[in-house]
Amino acid sequence: MSADLSGFLLDVLYVGTKFVVTSMQTHRLKIIQATYKQRQHDTLVELYGRTDTGQSITVLYEGFYPYCYMEAVPGALEVVRRNGAVAPKVLWDRLEDVELVHDQKTIKCHKITVMHPSVVKKIRDQFNTVNVLLSSGINLDRLPQFFSADIKFGIRFMYDLDLGSCIEVMGKPYEEEHPYTTELVILADIVAPAEDFQVNFSILSYDIEASMSTKTMLCNCFWIRRSDGTEVEYRLIGTEKEMLKEFQKIIIEEDPDVITGYNIDGFDNPYLNDRHEANYLPRLKIGRNGTAWRSRDVKNSKMWFVTGRIIADAMYMARKFSNPRRETLQYVSQLLLDESKLDVNASLIDEEWAKSRQDVLDYCSKDAYLALRIIDKLKVLDYYSNLAAVGMVPLTTVYSGATSPLIDSHLVREFEKAGFAVPVGGKPDPDYKKIQGATVVDPEPGVHNWVVVVDYKALYPTTIMVHNMCPTTLDMENGTIVSPVGARFLPPEIRKGLVPIVIERLQDMRNEYKAKMWVEDPDNPGEKIKSPMHGFYKGLQNAVKVISNAMYGILTATFYRFFKKIIGASITAYARAALDRIIQWIRKMNLPLVAGDTDSCFVRSPWPNLNGCITLGKMLSNQFTADGYELEFEKVLNPWFTHGAKKRYFAHVVWDDGKILLDNPDVYSRGYEIRRTDSFDYCLDSLEELLEAVCTEGAETAVSLAKERVKLIYEGSVSAEQIAYSKRCKPEAEYKKPESQIQVRMARMLKEMGHRFTPWMKVSFIYTDGDKSPKQAYPFIDGEKFPHTPDWDYYAVRMAEVLGRVTDVFGCDAGALLQYAKGQTSLDSYGVIA
DNA sequence: TAATGGTAGGGGAGGAAACTTTGGACATAG
DNA sequence: TATTGCTATGTCCAAAGATTCCTCCCCTAC
């Protein structure tokens, strides 16, 4: 490997009579994790990441201290001073008096700087604990409020140095003895923000086969793709102890940023951990600071963490990014990669192992390989990388899946810069009454031709900006902007809200990224072509959208630090009013409004042709693009169908944002079983064909298709695979009555049958007796023959209900469909259905 | 190192409550 | 005239069935 000499500065120091030459280096890196180590008298900031040159790096920074703000209640500081457990850890010489604005009032505060992050919590806690407070012997008028007192220290560091997810550091190699295992370990003098760049993370994907009878490990196969793109495969066999030790050693040597595998959170990780215990080995030590991994209970199941790396379960990623109907590795790799697992019966693994070790090793290795490919295919790392860049947080923060830290990252910085207090997050209120949300228009059932769709662009963010809504402008006395629910906000001339400022900045950012996706075509001046960085900027602009859209939700979350119920209620009230303006106008003009939801209206055009629709769409758009709101003319649908339920539509798109698709229309479908993952394939395939027929063939053909389908399933002429239901199963403790839930009963059965099941997985099953209560069913296993007889009667009824909702519009209800299937002419034999 | 975006809505399943039908015991009329 | 055997009918009451209503749950739209 050749060093990049341009990044070196020679720093010559004169020490006594000798010249000592030290090398100052600069590095650019993307932060994977920002954390810290508490030392005796200070805290060391630790940033783990990967550089633009592909090296793993630990950046250390000394001299940055934790702090928080405490309201200056008389005597409060004395309480801290007298607490022997806390006072020695406070840097009293750094104590500052500051004024912070909170709820339109100026509050006198102490800025308390301490040695360790844990001290901040202790200071807060002593005011919560009556005994500690009493023992201080001080009577307080009231308890002081705390501000900026729950920000993680690594994040605090990034806020204060205004860092994003990519940074530039200047420093020297860390010479002290240290536990860090990255290629580079730098003690930084300067840490500065850097423009975002793409990083090639290294990734390890592993899979373990375990004996069913002895519970010991048979083999561990894994693949590593290094930062330079090369891939290596390892296959560990031998004694369990050797395999465990070897795995740890290779992880440290190869130093992957990301560790993955299929269902590792549910199986491989806890299993590995158990085997370490069984072999009297310490926990797997794979942290980049030499520490062991650890697990945390999240919603009744475990998640695994390791310092400096990300443990990303490929199953979780597949679930999150592609919402597959089933979640077995076999199904997902078929769906996403068009590849299969190798043919080894996992529930008979001991026999297979005895028969042919080579086959089991190949099988195991392929599983690890598939997990790696799934992560690639879904572009998981790109997505998180972008989200981290826009959210200005380390990669681990976005990986955790929470969106509030991304919003926090922008708002807290903004609040602190402007001198506003940053409250600590609250606890959920069990008595909380939901605020009123959006309007949904009752749709007009039937087939409609030439329907124009208009919707407000970014309705909630726009609403926040237009009405200057923010905790910093909410002023019930002086506010002149009065929301429909009575909240009063200061106008921007008096004080521009910080939330609107952040939203505006995000929008500008998005426009900038969008612009960078395209460049002038050198061959065709005036024409735009994709820029070489098209994909990169596309990802970034999408990340901005994700964060913008989350803003309303976060501000309306009770636990969020900037939560104000009346602001949330005002946002939705203004939004309802905006939609209502269009609805009223459309009704006044006597135009048929066929549907509408939150920010959109579906209007049937009085002119039954594309040009007429375009005229109407543009007219609506012009009419209602005003006062900061932008109504977009989105689509023309022809035809458009609904059976009359909200949020359930099916249509053909013949015009989409300027593109004419008359000859080859896109399908537009919302809510129907077609889009649902908890229905069975035959049902949703049939429904899709039925809706297609409704749109293209007319009612008669559609009805006979529905009748035929119900008949076929009633006769049992459908494969087991096509009638398998699939439902997510949570940990049993999450249910009020676990055994009443079919998915719980199926999960129990799966386990009894010797299959791996971990909570939060989807389970597949087929009903065998729908008359019993609770209904009887058996698990369906991918690729295996279903050994029971399905209750075709039950399936016929289900199909009839689903298809009947559609055909009912044309006078043929579920009962009639069933009647045809059963070849009966009278209703009485199954009167319940009618 | 206890972490957490929201509300609106459709639709299936299970189960309790309210309601209806059924069937046995008994009485009475013929 | 009184009693018995038998059937038809009515009433009461509990069990069984069918409905309705509510809640839980999953998943989706926005």
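These numbers come from the heavy atoms of this one structure, side chains and all, not from hydrogens, waters or symmetry mates. Protein chains get the first letters and strands the later ones, always in sequence-line order, with residue 1 at the start of each.
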Worksheet item: Rounded to the nearest Å, what distance is computed from the CD atom of residue E46(A) to the P atom of nucleotide dT1(B)?
Response: 15 Å
Worksheet, complete the sentence: Ranking Y767(A) and K434(A) by the position along DNA chain B of their nearest nucleotide, the one closer to 5' is K434(A)
Item to complete: Mind checking T403(A) for me? I need base, sugar-phosphate or nothing, with any heavy atom below 4.0 Å counting as a touch.
Response: base
Discussion item. Nearest to the side chain of K646(A), heavy atoms from C-beta on, is which of dA13(B), dG10(B), dG14(B)?
Written reply: dG10(B)
Item to complete: Starting from P on dA2(B), measure out to CZ on F305(A) and report it in whole angstrom.
Response: 11 Å
Discussion item. Rounding to an integer number of Å, can you tell me how far H643(A) NE2 sits from dG10(B) C1'?
Written reply: 8 Å
Discussion item. Taking the ring centre of each residue, are F780(A) and Y725(A) less than 6.0 Å apart?
Written reply: no
Item to complete: Could you tell me whether the side chain of S409(A) and the main chain of M392(A) form a donor-acceptor pair under 3.5 Å?
Response: yes
Item to complete: Round to the nearest Å and state the distance from Y432(A) atom OH to dT4(B) atom P.
Response: 19 Å
Worksheet entry | Whole-Å gap separating P (dG11(B)) and CG (D808(A)) | 12 Å
Worksheet, complete the sentence: Separation of dG10(B) atom P from E801(A) atom CD, nearest Å, is 16 Å
Practice prompt. Could you measure between the two P atoms, the one in dC30(C) and the one in dT1(B), and give it in whole Å?
Written response: 36 Å
Worksheet item: Would you say K285(A) has more than 12 foreign heavy atoms packed within less than 6.0 Å of its NZ?
Response: no
Worksheet item: Can you name the salt bridge (Lys or Arg N to Asp or Glu O under 4.0 Å) partners of D678(A), sequence neighbours left out?
Response: R676(A)
Worksheet item: Taking CD1 from I554(A) and P from dA3(B), how many angstroms apart are they, rounded to a whole number?
Response: 15 Å
Worksheet entry | Span that lies between the C1' atom of dG17(C) and that of dG15(B), in whole angstrom | 15 Å
Worksheet, complete the sentence: Looking only at dG11(B), dT4(B), dT1(B), the nucleotide nearest the S400(A) side chain is dT4(B)
Practice prompt. Give the B/S/- string for nucleotides 23-30 of chain C, one per nucleotide from 5' to 3', where a protein heavy atom under 4.0 Å of the base yields B, of only the sugar-phosphate yields S, and otherwise -.
Written response: -SSBBSBS
Worksheet item: Y778(A) side chain to T768(A) main-chain N or O, any donor-acceptor pair under 3.5 Å?
Response: no
Discussion item. Are F624(A) and Y456(A) an aromatic pair, judged by ring center distance below 6.0 Å?
Written reply: no
Worksheet, complete the sentence: The answer to which of T556(A) and D442(A) contacts DNA chain B further toward the 5' end, by nearest nucleotide, is T556(A)
Fill in: For R675(A), salt bridge (Lys or Arg N to Asp or Glu O under 4.0 Å) partners two or more places apart
none
Worksheet item: R805(A) CZ to dG11(B) C1': how many Å, rounded?
Response: 6 Å
Item to complete: Between dT28(B) and dT3(C), how far apart are the P atoms? Round to whole Å, please.
Response: 15 Å
Worksheet item: So, is Y460(A) near the phosphate of dG5(B), with a side-chain N or O under 4.0 Å from OP1 or OP2?
Response: no
